[in-house]
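The structure under discussion appears below in the form of structure tokens.
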Amino acid sequence: MAVKRDYYEILGVSRSVSPEELKRAFRKLAMDLHPDRNPGNPEAETRFKEAAEAYQVLNDPDRRRSYDMFGHAGVAGAGVSGFEGFGFADIFDAFFGGGFSARDRARSMRGSDLRYDLTISFEEAFRGVEKEIEVPRLMTCERCSGAGAEPGSSVEACGSCGGSGQVRRTSQSIFGQVVNVSACPSCHGSGRVIRQVCTACRGQGRTERTKRLKLRIPPGVDTGSQIRLTGEGESGLQNGGPGDLYVVIRVRPHALLQRQDQDVVFELQVNVVQAALGDRIEVPTLDGLVEVAIPAGTQHGQTFKLSGRGMPQIRSGRRGDQFVVVKVIVPKDLNAKQKDLLRQVGGLTGKPQKVAKGFFDKLREAINLD
Ligand SMILES: [Zn+2]
Ligand SMILES: [Zn+2]
């Protein structure tokens, strides 16, 4: 076990510190080590426990006297005990009156967020679309308005907590006087006692129902885009707000066009003659067919840009471009006449034939044919 640090040193106070100063010093230190400010920081937790133990001892006049005379030996067994299995926040709450648990409880009453996956077509992503979706979800029970009690039956304030939903327990065991606030075990924090539970929701206050929702999908959405519908998640419990609904978009691929962010790519297949002589060809775009002029001598892989024919940006509406990538298709399975014609074409140019011959001659030499 590590050597224990001096309690006064831990709290950064002098040995003559007054009870008020001691309290102030501890509070200040504790706020710095607050679990919310130090999420998942085991060092802050260790330091807080150390500070709490120091405060626990020095705040008790008898134990402080004993510590001043005999040091740690005089207060053997001191420590923040009785918290095994509790989180840092719970321990913190025990010292400061449970404000944090109360807030956490309120949070847990909020309805859950929901996710809905929606698939739309490429064209719908381009133009935007209005969709109607059906979302099954837990909603406030209509029969009892979320109270959980059968209509007409009496709902009484809980006798254990007087209707507050909280029980305050004052204990001396931690240090000084500590007020511990927790949910009332009799009414589970609701503050009410239901004599006859609602038959529709069995006292839960919510039932599963399907709601139809109209949804506007803006132009330009892509696979993975999320649309948040605030308050359209599950209803909360006991005045807790509803959760949100997240609609997650998937865009079906297009048969001819490929999307790259805001741009669209189209592969245009042309034959050798079109590539060599040039041609005017209609290509599909998001706006319909558009004529593209392929100049004479177009090479395989050459790309032409159709400005402003891409997908719109969701916010600005500004459209990307379409890129037309040329793929030259070389003919296969030619008949004798076609081959002859091609040879004539080749003969006309002259030069390539010579180059080809020289190339094959060299190849023959290299691999010792003939
Ligand atoms: Zn009900
Ligand atoms: Zn109660």
Side-chain angles (χ1 to χ4, degrees), residues 35-36 82-116 132-214 228-247:
D36 276 3
F83 286 108
E84 285 75 23
F86 285 86
F88 187 9
D90 297 314
I91 298 168
F92 202 92
D93 285 347
F95 282 90
F96 290 104
F100 304 104
S101 305
R103 185 202 51 198
D104 288 345
R105 260 199 309 281
R107 196 186 289 156
S108 72
M109 296 296 186
R110 183 180 174 267
S112 304
D113 291 337
L114 296 177
R115 174 193 165 125
Y116 186 96
E132 203 171 75
I133 58 173
E134 290 189 346
V135 186
R137 59 185 187 179
L138 284 173
M139 291 166 78
T140 302
C141 176
E142 285 176 322
R143 187 172 173 82
C144 64
S145 306
E150 186 68 3
S153 74
S154 61
V155 177
E156 291 155 29
C158 170
S160 304
C161 61
S164 71
Q166 295 182 336
V167 283
R168 299 171 75 82
R169 200 158 36 82
T170 307
S171 68
Q172 299 289 341
S173 60
I174 306 302
F175 68 98
Q177 199 182 67
V178 172
V179 180
N180 194 0
V181 182
S182 57
C184 171
S186 305
C187 62
H188 306 290
S190 71
R192 298 162 306 133
V193 175
I194 293 164
R195 294 279 165 233
Q196 214 183 332
V197 295
C198 168
T199 51
C201 64
R202 279 187 236 91
Q204 298 302 302
R206 298 187 300 189
T207 54
E208 184 165 314
R209 293 201 302 284
T210 298
K211 188 177 175 185
R212 293 170 83 89
L213 287 168
K214 267 209 180 116
R228 187 170 109 182
L229 300 181
T230 307
E232 294 292 358
E234 285 186 354
S235 298
L237 280 172
Q238 288 158 28
N239 302 324
D244 298 331
L245 174 66
Y246 289 87
V247 178

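Ligands are counted one by one from 1 in listed order, and the atoms in each one are counted from 1 as well. Every value quoted in this text rests on a predicted model; they were computed, and no experiment measured them.
Rounding to 10°, one obtains 110° for the angle at the Zn ion (ligand 1) between SG (Cys201) and SG (Cys141). The angle Cys158:SG - the Zn ion (ligand 2) - Cys187:SG amounts to 120°, with values rounded to 10 degrees. Rounding to 10 degrees gives 110° for the angle at the Zn ion (ligand 2) between SG of Cys184 and SG of Cys161. Note: angle at the Zn ion (ligand 1), from SG of Cys198 to SG of Cys144, is 120° (rounded to 10 degrees).
Listed for the Arg206 side chain is a donor-acceptor partner under 3.5 Å among the backbone atoms of Ser235.
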Apply salt bridge (Lys or Arg N to Asp or Glu O under 4.0 Å) to residues Glu234 and Arg137 and explain how you reach the verdict.
CA-CA 6 Å; Glu234 285 186 354; Arg137 59 185 187 179; over 6 Å; no
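Put simply, the side chain of Glu150 reaches to within 4.5 Å of the side chain of Thr199, judged on heavy atoms. You'll find the side chain of Cys187 reaches within 4.5 Å of the side chain of Cys161, heavy atoms only.
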